[in-house]
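First the structure, in the form of structure tokens, and then the observations on it.
In the text below, chain A, chain B and the rest are named by the order of the sequence lines, each starting its count at 1.
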Amino acid sequence: MEVVAVIDFETTGLSPDYGDRATEIAAVLIEDGQVVDRFQSLMNAGVRIPAFITELTGITDAMVRKAPPAADVMRDVSDFVGDYPLVAHNASFDSRFWDAELKHVHRKRRQEFACSMLVARRLFPQAPSHKLGVLIEYAKLPVTGRYHRALADAEMAASLLLHMEEELRRRYQLRDVPHELLRKIQKVQKQQLDTCVERYRLTSVTNR
DNA sequence: TGCCAGGCCCTCTTTAGGGCCTT
């Protein structure tokens, strides 16, 4: 059975290209429809946290000062996820920080990201919005902790991913919803979802 | 010290503009 790693960063801002750094990372491993392992750590990149970020996340300068160096944490989380395919909610954000923080430790990402937000936009176009918190409420999934903390957000993104995989299995009579299919779905127009999944089902050995 | 993004997606579109989503 495929293992997938769902990750979430808390950061000092929106852009690593403008000096923003990660303050916390979490990764949860999903296998066979359930979470089988978890990683979470605050990380000290030696930068100040803007007040509005502390307001948003609850993460303070004092908390980060006591945390392990960012480089150590990134080596650890990179080892933890290995080559497993990655998933994040709005992966364009987390992938930029993942790549930027790995670059600080002279490592490169070896696997692809899938985006739970892009999949949700196609699968649940009628949802009131596609923010993680709104989708959790929309799908009646449990809130596992404080929003905007890495482990809670990663757990809830994982829960949303499993919910969407179940919906895809039910809607299209699929046996499996591999990462490869999620990446195909996130690239098609929402009107093309049926065609995309049917084509995949017909060509995939595991789903026939 | 503070400065600040970028990919997707829709439409009043494609030689563009603006909202969504992440922190």
Side-chain angles (χ1 to χ4, degrees), chain A residues 5-28 40-64 67 70 73-74 77 86-104 109 112-139 141 143-161 163-164 181-196:
Chain A
V6 182
I7 71 151
D8 186 79
F9 275 109
E10 303 307 319
T11 71
T12 61
L14 295 174
S15 176
D17 291 342
Y18 282 79
D20 290 325
R21 295 294 304 268
T23 57
E24 187 179 39
I25 176 75
V28 301
Q40 177 275 333
S41 183
L42 290 163
M43 50 204 281
N44 185 358
V47 292
R48 295 289 301 272
I49 301 176
F52 79 95
I53 293 286
T54 294
E55 182 77 18
L56 179 72
T57 64
I59 296 171
T60 64
D61 281 322
M63 290 164 67
V64 167
V73 174
M74 285 309 299
V77 70
L86 298 169
V87 174
H89 199 71
N90 197 4
S92 74
F93 172 84
D94 289 280
S95 63
R96 282 200 306 276
F97 276 96
W98 183 264
D99 292 349
E101 292 294 344
L102 280 188
K103 196 172 179 182
H104 287 296
R109 172 163 57 93
E112 298 285 347
F113 267 92
C115 176
S116 55
M117 184 188 74
L118 294 181
V119 175
R121 280 181 178 169
R122 286 151 182 79
L123 201 55
F124 305 127
Q126 71 280 17
S129 96
H130 298 90
K131 291 180 185 177
L132 179 60
V134 172
L135 286 166
I136 291 297
E137 185 177 356
Y138 177 77
L141 298 170
V143 176
T144 60
R146 174 183 173 144
Y147 283 112
H148 297 298
R149 285 301 301 264
L151 185 58
D153 280 3
E155 295 245 26
M156 288 188 280
S159 168
L160 174 65
L161 177 67
H163 177 76
M164 293 194 295
L181 177 56
L182 296 175
R183 286 193 293 116
K184 287 180 186 295
I185 289 172
Q186 73 183 22
K187 288 178 184 167
V188 299
Q189 294 184 339
K190 64 186 176 191
Q191 301 91 328
Q192 299 299 313
L193 176 61
D194 289 355
T195 308
C196 170

Would you please confirm or rule out a distance under 4.0 Å between OP1 or OP2 of dC10(B) and any side-chain N or O of Lys190(A)? yes
Phe93(A), nearest nucleotide to its side chain (from dC8(B), dT22(B), dC10(B)): dT22(B)
note: Ile49(A), atom CD1; dC4(B), atom P; distance rounded to Å ~ 20 Å
Pair Tyr138(A) and His130(A), ring centroids less than 6.0 Å apart: no
Output yes when at least one side-chain N/O atom of His148(A) is less than 4.0 Å from OP1 or OP2 of dT23(B), else no. yes
For the pair made of CE in Met156(A) and C1' in dC21(B), what is the distance, rounded to whole Å? 16 Å
Whole Å only: how far is the CZ atom of Arg183(A) from the P atom of dC8(B)? 14 Å
Do the charged groups of Glu24(A) and Arg149(A) touch, with an N to O distance under 4.0 Å? yes
Is any side-chain nitrogen or oxygen of Ser92(A) closer than 4.0 Å to OP1 or OP2 of dA5(B)? no
Let me know, please, whether Ile53(A) or Val188(A) comes out on the 5' side of the other along DNA chain B by nearest nucleotide. Val188(A)
Candidate pair His89(A) and Ser116(A), rule side-chain hydrogen bond (donor to acceptor under 3.5 Å, both in side chains), full reasoning: CA-CA 5 Å; His89(A) 199 71; Ser116(A) 55; 2.7 Å; yes
Under 4.0 Å, counting only non-hydrogen atoms across every strand here, what does Phe97(A) touch: a base, just sugar-phosphate, or nothing? nothing
Between atom NE2 in His89(A) and atom P in dC20(B), what is the gap in whole Å? 14 Å
Taking the C1' atom of each, how far is dT23(B) from dA5(B), in whole Å? 11 Å
Within this structure, what is the CZ-to-C1' distance between Arg21(A) and dT23(B), rounded to whole angstrom? 15 Å
Which nucleotide in dC4(B), dG6(B), dC20(B) has an atom nearest any side-chain atom of Asp20(A): dC4(B)
Residue met sooner reading DNA chain B from 5', once Arg96(A) and Leu118(A) are mapped to nucleotides: Arg96(A)
Please state the C1' separation for the pair dC12(B) and dG17(B) - nearest whole angstrom. 10 Å
Of all the nucleotides listed (dC21(B), dC8(B), dT23(B)), which has the minimum atom distance to the side chain of Arg122(A)? dC8(B)
Roughly how far apart, to the nearest Å, are dT13(B) and dC8(B) at atom C1'? 15 Å
Under 4.0 angstrom, heavy atoms only, what part of the nucleic acid is Ser129(A) near: base, sugar-phosphate, or nothing? sugar-phosphate
Just wondering, do Ile49(A) and Thr23(A) contact through their side chains at under 4.5 Å, heavy atoms? yes
Taking CZ from Arg48(A) and C1' from dC4(B), how many angstroms apart are they, rounded to a whole number? 18 Å
C1' atoms of dT14(B) and dG18(B), separation to the nearest Å: 15 Å
Among dC21(B), dA5(B), dT23(B), the one nearest Leu56(A) by side-chain distance: dT23(B)
Touch check for Asp8(A), heavy atoms < 4.0 angstrom, all strands: base, sugar-phosphate only, or nothing? sugar-phosphate
Any donor-acceptor N/O pair, Asp61(A) side chain to Arg48(A) backbone, under 3.5 Å: no
Step by step, would you call Met43(A) with Val64(A) a side-chain contact (heavy atoms from CB on, under 4.5 Å)? CA-CA 6 Å; Met43(A) 50 204 281; Val64(A) 167; over 6 Å; no
Can you tell me how far P of dT22(B) sits from CG of Asp153(A), to the nearest Å? 8 Å
How many whole angstroms separate atom CD of Glu24(A) from atom C1' of dT22(B)? 15 Å
